[in-house]
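All heavy atoms count here, side chains included; hydrogens, waters and symmetry mates do not. Bear in mind the structure is a predicted one, so any value in this text is a computation, not a measurement. Counting begins at 1 with the first residue of the sequence.
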Amino acid sequence: MPSVTHVALLENRTVLKLSGADRVKFLQGLVTADIAALTPGSAAWSACLTPQGRWHADFFVLADPDDTCLLLECATEQAESLRSQLLRFRLRSDVQLEPTGMRVLAAWGERPEAALLENAITFADPRVEAAGWRLLDAPPETTLTATEQDYNLHRLVLGLPDGVQDCEVGRTLVAEANMDLLGGVSWTKGCYMGQEVTARMHYRTLVKKRLVPIASTAPLPAPGTPVLADGVEVGTLRSSQDHIGLALLKTAALEKTLLCDGHKLVPRPPAWLAAALDAANSSSNPETPERS
């Protein structure tokens with residue numbers, strides 16, 4: 001079966017424009033990704049954290065191809081909160097942060113045709129190659145070949161979180177959302193808000209829960225439904241569609257029989273996640289010899 005390009009309008013996404021001479025320095029000190037490393041046309045996935053290292057919002061940051069601004073693509077319901085949170089730290093910095101009204105499209109499968117790429121501000125989703133591309137400010141007449149539900153299914157199959165559906169403000173650690181495994185956190189850029197807690201959890205291997213792709217033989221229940229193993233709660237269901245979804249699970253429980261609303265769940269971690277889960281379980285096993 002030939003591969004095709006799927007293009008969907010993401011109506012729940014908003015683009016903010018960060019302009020001003022201090023835009024890179026300003027954002028670099030506040031978010032998890034290395035903004036200073038971006039070149040015109042390149043993008044990073046990043047998060048704004050609380051001082052305690054907990055998730056506040058996540059977003060894509062694109063260095064405008066003309067090198068005049070940074071574009072932040074985020075969930076619409078978090079756009080004003082994110083804007084307010086960042087501007088609290090503006091002080092004397094020469095920055096402005098405003099909504100743009102740009103539409104956001106997602107494309108995946110075969111690479112989009114050149115005409116579509118040329119008529120939009122385009123960047124590859126930096127998390128995994130199979131995720132595809134984001135198209136900002138594409139013309140209204142752009143042909144859509146998929147729905148937002150199709151895109152949601154696509155990201156769930158890949159195990160990619162959607163912040164507002166899969167994270168909790170002030171509670172979720174970025175490593176629990178797998179941002180440390182998907183390029184959303186820089187370990188070399190220096191200080192940012194929440195950096196101390198994030199680094200300590202990483203270097204001391206203290207992360208005991210992660211978002212894990214799961215599948216079920218039955219349609220999955222509502223987000224927040226407990227996941228049980230041997231009658232004990234070991235996690236909660238997060239976003240899902242039909243028979244697949246993401247669940248925040250204790251890594252030590254993944255080898256057990258998992259039940260959600262009476263139905264069996266089967267963990268399906270992709271390769272990039274499976275290695276981290278194995279490492280976490282090995283480090284927590286008292287019978288595993290310590291490395292010299």
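- With respect to the salt-bridge test (charged N to carboxylate O, under 4.0 angstrom), the residues R23 and D64 do not qualify.
- A salt bridge is absent between R13 and E148; no separation between the charged side-chain nitrogens and carboxylate oxygens falls under 4.0 Å.
- The shortest distance between side-chain heavy atoms of K209 and K250 falls below 4.5 Å.
- Side-chain heavy atoms closer than 4.5 Å link hydrophobic residues (I, L, V, M, F, W, Y) into clusters, and following such links, even through other members, never connects M193 to V197.
- Counting heavy atoms from C-beta on, the side chains of E113 and T5 never come closer than 4.5 Å.
- With rounding to the nearest 0.5 angstrom, the OG1 atom of T198 is 7.5 Å from the CD atom of Q195.
- E77 CD to T14 OG1: the interatomic distance, rounded to the nearest 0.5 Å, is 10.0 Å.
- A perpendicular orientation is assigned to the rings of W187 and Y203, their planes being inclined by more than 60° (bins at 30° and 60°).
- Smallest separation of non-hydrogen atoms from M179 and W45: CG-CH2, 3.4 Å.
- In terms of hydrophobic clustering, with Ile, Leu, Val, Met, Phe, Trp and Tyr side chains grouped at heavy-atom distances under 4.5 Å, M201 and L248 are assigned to different clusters.
- R54 places none of its side-chain heavy atoms less than 4.5 Å from the side chain of V174.
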Practice prompt. Would you check, one step at a time, whether the test side chain to side chain contact (heavy atoms under 4.5 Å, CB included) holds for L259 with V227?
Written response: CA-CA 6 Å; L259 297 176; V227 178; over 6 Å; no

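- Of all heavy-atom pairs spanning F59 and C48, the tightest one is CE2-N, 3.7 Å.
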Discussion item. Checking S240 against R238 for the side-chain hydrogen bond (donor to acceptor under 3.5 Å, both in side chains) test, could you report, in this order, the C-alpha distance in whole Å, the side-chain angles of both residues, the deciding distance, and whether it holds?
Written reply: CA-CA 7 Å; S240 67; R238 295 301 169 89; over 6 Å; no

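- Exactly one residue among D166, L220, V164 makes a side-chain contact (heavy atoms from CB on, under 4.5 Å) with S239. That residue is D166.
- For the atom pair NZ (K17) and CG (L70), the distance works out to 11.0 Å, reported to the nearest 0.5 Å.
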Discussion item. The test is side chain to side chain contact (heavy atoms under 4.5 Å, CB included); show your working for R155 and D162 and say whether it passes.
Written reply: CA-CA 8 Å; R155 70 149 187 104; D162 178 89; 3.5 Å; yes

Item to complete: May I have the step-by-step check of side chain to side chain contact (heavy atoms under 4.5 Å, CB included) for V4 and E110, ending in yes or no?
Response: CA-CA 5 Å; V4 297; E110 193 73 16; 5.8 Å; no

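- Grouping the Ile, Leu, Val, Met, Phe, Trp and Tyr side chains by contacts below 4.5 angstrom, directly or via other members, places V185 with V128.
- For the atom pair R171 CZ and E176 CD, the distance stands at 9.5 Å (nearest 0.5 Å).
- The shortest side-chain heavy-atom distance between L86 and F89 does not fall under the 4.5 Å cut-off.
- Across all their heavy atoms, R210 and A175 have their closest contact at NH1-O, 2.7 Å.
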Ignoring hydrogens and angles, write down the donor-acceptor pairs under 3.5 Å from the side chains of residues 96-106, residues two or more places apart or on other chains.
residue : atom : partner : partner atom : Å
Q96     : OE1  : S19     : OG           : 3.2
Q96     : NE2  : D94     : OD1          : 3.2
E98     : OE1  : R83     : NH2          : 3.4
E98     : OE2  : R83     : NH2          : 3.0
T100    : OG1  : V15     : O            : 3.0
T100    : OG1  : M102    : N            : 3.1
R103    : NH2  : P139    : O            : 3.0

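- Annotation for W133 and A124: closest pair CD1-CA, 3.8 Å, computed over non-hydrogen atoms.
- Counting heavy atoms from C-beta on, the side chains of L237 and P223 never come closer than 4.5 Å.
- Residues C74 and L82 meet the side-chain proximity criterion, which asks for heavy atoms closer than 4.5 Å.
- Within a 6.0 Å radius of CD in E80, more than 12 heavy atoms belonging to other residues, nucleotides or ligands are found.
- Scanning both residues, I214 and P267, for their nearest heavy atoms gives CG2-CA, 3.9 Å.
- Sorted by first and then second residue, the side chain to side chain donor-acceptor pair (under 3.5 Å) pairs with a member in residues 263-277 form an empty list; sequence neighbours excluded.
- The neighbour count for E255 CD, taken as heavy atoms of other residues, nucleotides or ligands under 6.0 Å away, does not exceed 12.
- Follow the hydrophobic side-chain contacts under 4.5 Å out from L87 and you never reach L71; the two are in separate clusters.
- Between the D150 side chain and the T147 main chain, a donor and an acceptor come within less than 3.5 Å of each other.
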List the atom pairs, donor and acceptor, that lie under 3.5 Å between side-chain atoms in residues 25-39 and the rest of the protein, sequence neighbours left out.
residue : atom : partner : partner atom : Å
Q28     : OE1  : I35     : N            : 2.7
Q28     : OE1  : A36     : N            : 3.2
Q28     : NE2  : D34     : OD1          : 2.9
T32     : OG1  : S46     : OG           : 3.3
T32     : OG1  : A47     : N            : 3.0
T32     : OG1  : G184    : O            : 2.6
D34     : OD1  : A36     : N            : 3.3
D34     : OD1  : A37     : N            : 3.4
T39     : OG1  : S42     : OG           : 3.4

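- Nearest heavy-atom pair across A177 and L211 is CA-CD1, 3.8 Å.
- Under the 4.5 Å side-chain contact rule for hydrophobic residues, V157 and L182 do not share a cluster.
- Residue pairs meeting the side chain to side chain donor-acceptor pair (under 3.5 Å) criterion with at least one partner in residues 117-132, sequence neighbours excluded, are D125-R127.
- For the atom pair OG1 (T236) and CG (L249), the distance works out to 8.0 Å, reported to the nearest 0.5 Å.
- Here the straight-line distance linking atom CD of Q52 with atom CG of L173 works out to 11.0 Å at 0.5 Å rounding.
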Practice prompt. Check the pair H56, L49 against side chain to side chain contact (heavy atoms under 4.5 Å, CB included), reporting the backbone distance first and the verdict last.
Written response: CA-CA 5 Å; H56 176 82; L49 308 180; 5.9 Å; no

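- Using modelled atom types, no side-chain atom of S84 and backbone atom of S81 make a donor-acceptor pair closer than 3.5 Å.
- Here the side chain of H6 pairs no donor or acceptor atom with the backbone of G109 at under 3.5 angstrom.
- In this structure, L72 and F60 have side chains that are not in contact, with every pair of non-hydrogen atoms separated by 4.5 Å or more.
- Side-chain contacts under 4.5 Å among hydrophobic residues (ILVMFWY), followed directly or transitively, place L91 with no other residue at all.
- Applying the side-chain contact (heavy atoms from CB on, under 4.5 Å) rule to A43 yields the partners L62, F123; only residues at least two apart in sequence or on another chain are considered.
- Side chains of W108 and V7 form no contact here, defined as non-hydrogen atoms less than 4.5 Å apart.
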